[in-house]
Amino acid sequence: MENQGKPTTTHDMVVVHRMFRREFGEAAGLVRGVRHGSRAQVRLVADRLELLLDTLYHHHEGEDRLLWPKLARRLPAQGELWQRMRGQHAELSAGLARAQDLLRAWAADGGNSHRQELAEAFDQVSKAVGDHFDQEEREALPLVAGVVSQAEWDEMGDAASAAVPRSKLFTVLGMILKDADPGEQILIMGHLPLAPRVLWRAVGERSFHRLEQRLEAAVGHG
């Protein structure tokens, strides 16, 4: 059905996309820059990149399950666009799976093998992600507000949040908020229950900043 109430706010998607653009854009540099000879530092980088891959997988899975089918039913004249979006997800899924396999092999060997292959895989994923997000934000998101309710839209965010392991929630939140302006931070935090919002301010934010410092040190930026 069409959205009869207040126009749906979709800018949170742009904020999340910005996080993915930045993190994937920096991923190859992390792989190339991590210091040799330290399994702990390789593991730190690998954990961050594995979380990034998993988070994008669940982001797209939620759209494929909860967004594109609704839009295909409610805006059938835009069928080519919805098919293109899902097709790009399928292509990206193959790239993510290859990066995941290389990442696990790289980490298991302490960063001594597959370094260049892995960096190139992340470079390829970064470009594909950017191209996909450009099209989605330019062509798809402007159509959502009129045909998807806020509750339906928020269901996607809830599903994505539920897929994040509890121990990684503040890392993902920190990644999303990192480049968000104050208004965007309010928008993103508004999706969380009270307890996680309080915990983020009390301990989560500082914990994320310490993790960022450890990552910088692992690649020689500290």
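Model, not experiment: these values are computed from the prediction.
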- Query: Hey, does the side chain of K127 reach the backbone of D123 with a donor-acceptor pair shorter than 3.5 angstrom?
  - Reply: no
- The ring pair (Phe, Tyr, Trp, His ring centres under 6.0 Å) partners of H17 (sequence neighbours excluded) come to H59, F133
- Task: Compare every heavy atom of L102 with every heavy atom of E117, then report the nearest pair and how far apart it is.
- Result: O-CD1, 3.8 Å
- Task: Is it possible for you to say whether M156 and L187 belong to one hydrophobic cluster, with membership spreading through side-chain heavy-atom contacts below 4.5 Å?
- Result: no
- Message: Quick check for you: to the nearest 0.5 Å, what is the distance between E155 atom CD and R65 atom CZ?
- Response: 7.0 Å
- K178 and E212 ion-paired at < 4.0 Å: yes
Quiz: residues 159-177 side-chain donor-acceptor pairs under 3.5 angstrom, not counting sequence neighbours:
unit_1, atom_1, unit_2, atom_2, d
S161, OG, G157, O, 3.1

- Item | Atom CZ of R214: over 12 foreign heavy atoms under 6.0 Å | no
- For H11, the side chain to side chain donor-acceptor pair (under 3.5 Å) test, sequence neighbours excluded, returns E184
- Message: Do E137 and M13 have side chains that approach each other closer than 4.5 Å (heavy atoms only, starting at C-beta)?
- Response: no
- salt_bridge(E26, R48) N-O dist < 4.0 Å: no
- Query: Linking I/L/V/M/F/W/Y whenever any side-chain heavy atoms sit under 4.5 Å apart, do L81 and V14 land together?
  - Reply: yes
- Note on the structure: Sorted by chain and number, sequence neighbours left out, side chain to side chain donor-acceptor pair (under 3.5 Å) with Q78 holds for none
- Say you draw a straight line from CH2 of W82 to NZ of K70; how long is it, rounded to the nearest 0.5 Å? 13.0 Å
- Enter the distance from L71:CG to L66:CG here, rounded to the nearest 0.5 Å. 11.0 Å
- Is R73 reaching over with its side chain to a backbone N or O of W68, donor-acceptor style, under 3.5 angstrom? no
- Message: Any carboxylate oxygen within less than 4.0 angstrom of a Lys/Arg side-chain nitrogen, looking at R86 and E91?
- Response: no
- Residues two or more places apart in sequence or in another chain: which of them pass side chain to side chain donor-acceptor pair (under 3.5 Å) with E139? R84
- Quick one: closest heavy-atom pair of A105 and S113, and the distance? O-OG, 4.4 Å
- Item | Note: R43-D47 ion pair, threshold 4.0 Å (strictly below) | yes
- Note on the structure: Here the gap from T55 atom OG1 to E23 atom CD, rounded to the nearest 0.5 Å, amounts to 9.5 Å
- Report yes if some heavy atom in the side chain of T9 is under 4.5 Å from a heavy atom in the side chain of Q150; otherwise report no. yes
- Task: Run the salt-bridge test on D109 and R115 with the 4.0 Å N-O cut-off and return the result as yes or no.
- Result: no
- Would V15 end up clustered with W200 when hydrophobic side chains under 4.5 Å apart are linked, directly or stepwise? yes
- Note on the structure: Rounded to the nearest 0.5 Å, the CZ atom of R98 sits from the CZ atom of F122 at a distance of 11.0 Å
- Side chains of E120 and Q124: is there a donor and an acceptor less than 3.5 Å apart? no
- Item | Any donor-acceptor N or O pair under 3.5 Å, side chains W153, D12 | yes
- Message: Within the structure provided, determine whether L211 and L44 are in side-chain contact (heavy-atom separation under 4.5 Å).
- Response: yes
- Query: Can R138 and D134 be counted as an ion pair, charged N to O under 4.0 angstrom?
  - Reply: no
- Message: With a 4.5 Å cut-off on side-chain heavy atoms, are P193 and R197 touching?
- Response: no
- Pairwise side-chain contact, M85 with E63, heavy-atom cut-off 4.5 Å (strictly under): no
- Looking only at heavy atoms, the pair that brings A46 and A107 closest together is CB-CB, 3.8 Å
- List the atom of A128, the atom of L92, and the distance in Å for their closest heavy-atom pair. CB-CD2, 3.6 Å
- Message: Can you confirm whether Q88 sits close enough to E136 that some side-chain heavy atom of one is under 4.5 Å from a side-chain heavy atom of the other?
- Response: no
- Note on the structure: Contacts of Y57 meeting ring pair (Phe, Tyr, Trp, His ring centres under 6.0 Å) (sequence neighbours excluded), chain-then-number -> none
- Interatomic distance, CD@E152 vs OG1@T8, rounded to 0.5 Å, equals 8.0 Å
- Residue pair V45 / W106, side-chain heavy-atom distance below 4.5 Å: yes
- Query: Mind checking whether V219 and V42 sit in one hydrophobic cluster, side chains of I, L, V, M, F, W, Y counted as touching below 4.5 Å?
  - Reply: yes
